[in-house]
Structure formats: C-alpha cells, structure tokens
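A short worksheet on the structure shown next.
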Amino acid sequence: MTEEITPTQTDFIREIIDNDLKTGKHDRIATRFPPEPNGYLHIGHAKSVCLNFGLAAQYRGTCNLRMDDTDPAGESMEFVGSIQNDVRWLGFDWDDRLFYASDYFEKLYQFAIDLIKAGKAYVCSLSADEMREYRGTLTEPGKDSPYRGRSIEENLDLFSRMRAGEFKDGEHVLRAKIDMASPNITMRDPVIYRIKRTGHYRMADTWVIYPMYDFAHCLSDSIERITHSICTLEFENNRPLYDWFVNELIDGPKPRQIEFARLNLSYTILSKRRLIELVENKLVNGWDDPRMPTVAGMRRRGYTARAIREFCSRIGVAKKDNLVDIALLEHCVREDLNDSAPRAMAVLHPLKVVIDNYPEDRVEEMECANHPQKPEMGTRSVPFSKTIYIEKDDFMENPPRKYKRLGPGREIRLRNSYVIRFASMVKDEATGEVTELHCTYDPDTKNAAPADGRKVDGVIHWVSAAHAVPATVRLYDRLFKVADPASVEGEMTDLLNPGSLEVIVNACVEPGLGEVAAEEKYQFERIGYFCCDTKDSAPGKPVFNRIVTLRDSWAKIAGK
RNA sequence: UGGGGUGUCGUCAAGCGGUAAGACACAGGCCUUUGGAGCCUGCAUUCGGAGGUUCGAAUCCUCCCGCCCCAGCCA
C-alpha cells in the first residue's frame with residue numbers, strides 16, 4: 001500500500017522535509033488533512049488527502065484528520081461522516097487521530113486571553129463597515145481603531161462578556177494588535193474572534209464566540225504537534241500571521257506552513273460554493289450524483305480509488321497555477337480498469353442478426369474469459385443461439401476501408417464465439433434503415449482461427465436475443481463547463497449543458513449481469529467501462545453508469 | 001500605482017552552472033479474441049522577453065513583461 005500511494009518523485013515539499021530531518025529541526029513528521037465539514041470532498045481535496053497522507057506514509061509519520069469547524073454556518077455531521085467515508089475509501093487511515101477544531105475552543109479561548117494579557121489583542125467595537133474603512137486599501141495604509149488603546153483590564157472584561165453572551169452578533173470582535181500600516185493586509189489587526197449565535201453542529205449553543213481561521217488553524221496545528229502544515233497557495237499571505245500567533249503563544253517546536261497550488265481540472269467545477277449551489281438548487285441529485293466531481297460522485301460513477309491516487313501522483317505538486325487536462329484523470333481510470341475490470345458483453349443499440357445455418361432450437365454455452373490476460377479471473381458461460389443482437393454501430397452498409405467490423409461481404413468474429421459471414425440485410429422500406437441482418441456461421445471457428453488461415457474483418461460483441469437481460473444504461477457524463485473553468489462566472493445554467501444531461505438507454509446485457517454486486521465495474525466490449533449503480537438498480541434489471549467517456553458527446557460539444 | 005507568489009512542449013512536470021527527463025494529449029504505423037485495448041515511431045536546437053557574467057546559463061546578475069492571490073466579523 002505504501003509504495004502504491006507514495007509518489008517516487010521528489011517535490012519541493014519533500015525537499016523541505018528532507019532538510020528539516022537532516023538539520024535535526026524535526027525527528028518525526030506529522031501532517032494533517034483539515035477540511036471544513038460544510039460539503040463533500042471533491043477531486044481537489046483528493047489531491048490534498050493524497051499529499052498529506054502520502055507524505056506521512058513515506059516518512060513513517062502521522063497524518064491527522066481534523067475537522068476545521070470554526071464557522072458553524074453550513075457545517076454538519078452529515079459532512080463529517082461523508083468526509084471520513086471518502087478519505088477511508090481513498091485508501092487512507094488516520095487511526096485514532098480524528099480531531100475537531102471545535103474541541104479546542106476552550107484552549108483557544110485561553111490563548112486569546114494570553115494574547116490580551118500580553119497587550120497583543122484588543123476588543124474592537126467598530127462595525128463591519130467601519131472596520132473595512134479603517135483597514136485601508138491595497139495601496140493605502142489603514143488607520144488604528146479608536147478602540148485599539150483599551151486597557152488590558154477592559155479588554156479582559158469585554159472579552160469574557162462576549163463569551164458570556166452579553167452582546168449582539170457583530171457588536172464587538174477581538175482583534176490582534178499588529179500593524180495597521182502593514183503592506184500585507186492580513187496583518188492589519190486581523191479579527192480573531194467574532195460573536196455568532198448560529199448554533200454549532202457539535203457544540204450546540206455552548207459558544208457564541210468563534211475563533212477565526214487564522215487564529216484557530218495555526219494553534220490547532222501546534223496543539224496536535226503538526227510539523228508541516230500543508231495548505232493551498234491562497235494562504236501565502238496568511239503565513240506571516242500564522243507565524244505571528246505561533247511565535248506569540250507557542251513554546252517549543254513550531255509547525256511550519258507550506259503552500260502548494262490547488263488542482264484545477266479542465267471542464268470541471270471545483271468551487272465548493274458552486275457545488276453547494278448545484279446541490280441546494282437540486283440541479284443534481286445530491287452530492288453523490290455521478291455527474292459531480294466529488295469523491296462520492298466519482299465512486300458511484302465507477303472510478304476507483306487506486307485510479308484517483310495514481311492521478312494525484314501523476315499531476316505532481318508545485319506552486320504554479322495549473323489547469324490539468326481531464327483526459328489524464330480518465331486515462332488513469334481506464335488504465336486501472338483495463339487491468340482489473342472483468343469483461344462483459346452488452347448491446348446498447350441492438351441490431352437483430354439471424355444466423356441462417358444455425359439450428360433453430362440450439363443453445364450453446366460459450367466459455368468466456370473474464371479477462372483476456374488474467375486466467376485467474378476465471379471464465380463465465382454465455383448462451384449463444386440462432387438469433388442475436390449486435391451493436392448498430394458494428395455494421396455499416398458501405399463501410400470505409402479501415403472499418404474493422406461487419407458489412408456486406410465481410411466476415412467477423414463474434415467475440416468468444418464463432419466467425420460469421422454477412423449474407424443479406426432487411427431494410428425498412430420507408431426509412432431505408434437496416435433493421436435485420438442475416439449471416440452464416442463457420443462451425444469450425446468456435447474459439448479457433450479459421451482453418452484456412454483467412455483473416456476476419458474484426459471482432460464484435462453480441463448477446464443472445466432470447467437470453468439477454470434488459471438493463472438501463474445511463475450515458476450521462478460528469479458535470480462540466482463548456483468554457484475554461486477559470487473563466488466561468490455565469491449563471492448556474494451555464495454550468496449545465498447538454499453533455500451533462502442524462503441519456504437513458506434501454507440496453508440488453510448478457511444474462512449473468514442480471515444481478516451484479518454493488519459498485520462492480522465491467523468493460524462492455526467495444527463500448528467502454530460501466531459501473532453497476534446499485535443505488536438505483538433493481539434485481540434482474542441493473543442500472544449501469546458509463547465510467548469514462550472522453551470521446552462522448554461532451555467532448556464534441558466542448559470542441560475537442 | 002502596495003504586498004505576496006509564479007512563468008520550461010497543447011496540458012501537467014523534472015531540471016538546482018556542463019549542454020532540455022517523464023506523463024497525458026496529438027500524429028503516423030502495426031495488430032484484429034485486452035480493441036474506448038496493446039505495441040512501435042514522431043513530437044521544446046530551446047526554457048516569458050532583453051541585456052550581462054562565464055570556456056559553458058533554463059539554472060547566476062540586471063531590467064522589462066505576463067498571470068495568480070490579498071481590502072469576509074469565510075476557510
């Protein structure tokens with residue numbers, strides 16, 4: 001497992017860690033993955049999960065799972081559960097180190113008091129609007145709050161009364177006393193506590209004041225004795241503040257913040273705000289809708305954890321803004337599935353084929369390898385009879401030169417079965433559409449090459465008409481944006497285009513697929529990879545989701 | 001016009017003064033019971049630009065340019 005999840009290449013973070021180990025700054029490595037439980041994890045989070053847990057595994061250190069739940073709005077136990085579930089599914093284990101920032105509220109409160117006593121924090125009674133004005137702009141310095149000079153005693157009194165609930169939301173805040181003229185706006189007396197009467201999903205109404213991210217995060221890291229606190233690039237401006245709190249309040253070894261570039265995926269929405277919007281407006285069927293870029297959605301869609309880990313390993317870790325081609329993710333999924341998915345036959349758009357010289361009532365059981373290169377995956381038996389269905393696309397009346405399938409005068413192999421030769425076709429008189437084919441089979445070609453050495457024109461899949469099981473196949477694709485993700489700022493409807501829509505196909509599959517287990521994945525020969533979606537499946541009529549569809553409609557729509 | 005980052009193939013990404021890895025994508029070929037697969041081949045005389053240092057620069061210096069982040073009592 002360790003080798004599997006640990007990239008072999010060295011990135012800048014590993015260099016920092018190697019150096020910290022070499023110089024003796026640390027003798028162990030401790031990281032953490034700190035999501036806020038206000039939504040489901042998506043592929044962007046997966047990058048962070050793989051990085052943090054992967055680093056810990058590589059250095060035989062630890063990685064904590066910490067809920068960064070310092071803002072009660074939007075947080076819930078459902079999300080805590082889904083996050084644990086998804087991290088575990090991705091293949092990582094935090095042992096007994098599941099923590100909550102909310103469990104540190106009392107400690108954090110004491111740290112705030114320490115800061116006040118040191119004269120480094122004060123209660124500010126400016127309104128939000130006033131505070132914004134006092135903060136200055138990007139190019140102009142801010143000015144001191146009129147409350148900046150309050151005595152330590154008064155601050156202590158006010159802060160304890162804030163906690164006691166004596167004030168309304170927004171009436172006061174606690175601020176760090178740093179430098180209102182700092183060119184780094186983050187350092188201009190940042191708010192560290194605010195009054196918020198939204199009940200907390202775990203702490204109920206125990207607290208009415210909540211610490212801000214900048215205050216809580218670095219101190220939570222310190223409490224957990226994290227050595228390397230890895231976060232995304234947008235927190236670079238916050239690092240001086242991270243260090244400021246740690247230096248003011250923590251003795252001994254100090255955690256170090258390291259930033260890396262978050263993942264951007266082509267045609268994919270990875271903004272939590274947007275995803276929440278999609279779910280709340282019911283534009284999708286929940287966080288685990290297979291069209292969603294969430295871990296849960298991808299899982300239901302049939303992606304494997306291994307493929308996602310491989311993807312995260314291949315994209316690398318750097319500080320440059322990036323836009324990774326979704327084709328790489330899909331490649332990783334296909335690569336894993338090609339290796340692991342059992343093969344099965346299905347026909348999405350059936351074309352009836354009658355084998356004229358095959359006995360009327362005969363049924364043969366064809367032994368089919370479940371995997372062409374893995375005999376250990378066993379075989380299955382698939383019934384073959386006089387009337388079969390093949391995929392419409394596998395026949396062309398006037399095929400081009402390179403078409404490797406059936407056509408007039410052609411001979412192809414039915415996969416796992418006989419070689420058949422075209423005899424005649426039946427057309428709908430009105431539309432001219434071919435509705436039925438007649439062929440003849442060569443009895444000597446069952447799992448054997450033609451004796452005379454002639455080459456066939458291709459290999460196609462099939463199902464016996466009398467034995468096939470009806471199935472629902474959903475061809476819908478992942479949610480995606482037509483435009484470059486970085487530039488999409490339009491209405492939500494812009495995010496949903498025809499490629500995102502669900503297309504239901506009433507297909508037929510080989511009988512063995514009538515009852516398939518949860519989340520099983522198959523390669524339907526010549527059609528692609530499908531995952532049985534047990535959430536909507538009924539026994540006897542499975543529902544399959546298409547797994548990788550780079551070449552489907554959306555790609556055309558997107559102009560690829 | 002403040003501060004913090006970052007610029008190497010279409011997209012990620014190695015490279016850390018000795019003469020541009022790899023992957024995806026793409027193109028061509030082979031194969032025809034892994035076929036939305038496999039195999040083979042091709043794909044940066046050049047590293048945002050211009051100067052400079054050096055026997056030698058993507059790597060060091062100078063200036064310039066582009067892009068991203070920061071003015072939530074969000075994280």
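Lettering follows sequence order; numbering is per chain, from 1. None of the values given here were measured: they were computed from a predicted structure.
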- Query: What nucleic acid atoms does A/M212 come within less than 4.0 Å of, heavy atoms only: base, sugar-phosphate, or nothing?
  - Reply: sugar-phosphate
- Query: Of A/F12 and A/S125, whose nearest nucleotide on RNA chain B comes first from the 5' end?
  - Reply: A/F12
- Closest to the A/R132 side chain: B/A71, B/G36, B/G2? B/A71
Between protein and nucleic acid, restricted to nucleotides 4-8 of chain B and to nitrogen or oxygen atoms under 3.5 Å apart, what atom pairs and distances do you find?
residue	atom	partner	partner atom	Å
B/G5	O2'	A/E236	OE1	3.1
B/G5	O2'	A/E236	OE2	3.3
B/U8	OP2	A/K320	NZ	3.0

- Note on the structure: When A/D169 and A/K446 are each assigned the nearest nucleotide of RNA chain B, the 5'-most assignment goes to A/K446
- Would you check if the side chain of A/N322 reaches a backbone N or O of A/N264 as a donor-acceptor pair within less than 3.5 Å? yes
- What does A/K272 touch in the nucleic acid at a heavy-atom separation under 4.0 angstrom: a base, only the sugar-phosphate, or nothing? nothing
- Task: Just call it for A/N338: base, sugar-phosphate, or nothing, with non-hydrogen atoms closer than 4.0 Å on any strand.
- Result: base
- Message: Counting only side-chain heavy atoms from C-beta out, which of B/C12, B/U34, B/C73 sits nearest to A/R135?
- Response: B/C73
- Message: I want to verify a distance call: between B/G36, B/U34, B/C70, whose nearest atom is closest to the A/Y529 side chain?
- Response: B/G36
So which protein nitrogen or oxygen atoms get under 3.5 Å of nucleotides 27-31 of chain B's nitrogens or oxygens?
none

- Item | Which residues share a salt bridge (charged side-chain N to carboxylate O under 4.0 Å, His left out) with A/D339, sequence neighbours left out | A/K374
- Message: Do A/R202 and A/S102 pair up side chain to side chain, a donor and an acceptor below 3.5 Å, judged on atom types alone?
- Response: yes
- Message: Considering every strand and a 4.0 Å limit on heavy-atom distances, what is the contact class for A/R343: base, sugar-phosphate, or nothing?
- Response: base
- Query: Without hydrogens or angle criteria, can the side chains of A/S127 and A/E130 be said to hold a donor-acceptor pair below 3.5 Å?
  - Reply: yes
- May I ask you to say what A/A318 touches in the nucleic acid, namely base, sugar-phosphate or nothing, with a heavy-atom cut-off under 4.0 Å? sugar-phosphate
- Message: Both distances below 3.5 Å, Watson-Crick or wobble geometry, any strand: find the nucleotide opposite B/U54.
- Response: none
- Classify the nucleic acid contact of A/F235 as base, sugar-phosphate or nothing, counting any heavy atom under 4.0 Å across all strands shown. base
- Message: Rounding to an integer number of Å, can you tell me how far A/I192 CD1 sits from B/C74 P?
- Response: 14 Å
- Task: Would you mind classifying the nucleic acid contact of A/N238 as base, sugar-phosphate or nothing, using non-hydrogen atoms under 4.0 angstrom?
- Result: base
- Message: Heavy atoms only, 4.0 Å cut-off, all strands: where does A/V324 land among base, sugar-phosphate and nothing?
- Response: sugar-phosphate
- Task: State the pairing partner of B/A13; accept Watson-Crick or G-U wobble contacts with both distances under 3.5 Å, and report none otherwise.
- Result: none
- Item | Base paired to B/G7 (Watson-Crick or G-U; both N/O distances under 3.5 angstrom) | B/C65
- Query: Does A/D393 offer a backbone N or O that forms a donor-acceptor pair with the side chain of A/R405 under 3.5 Å?
  - Reply: yes
- Task: Classify the angle between the aromatic ring planes of A/Y201 and A/Y100 as parallel (below 30°), tilted (30 to 60°) or perpendicular (above 60°).
- Result: tilted
- Under 4.0 angstrom, heavy atoms only, what part of the nucleic acid is A/N447 near: base, sugar-phosphate, or nothing? base
- Has the side chain of A/R194 got a donor or acceptor that lies under 3.5 Å from a partner of the other kind on the base of B/G72? no
- Message: Using a 4.0 Å heavy-atom cut-off, does A/E259 contact any base of the nucleic acid, only the sugar-phosphate backbone, or nothing at all?
- Response: nothing
- Message: Any base atoms under 4.0 Å from A/E411, or only sugar-phosphate, or nothing? Heavy atoms, all strands.
- Response: nothing
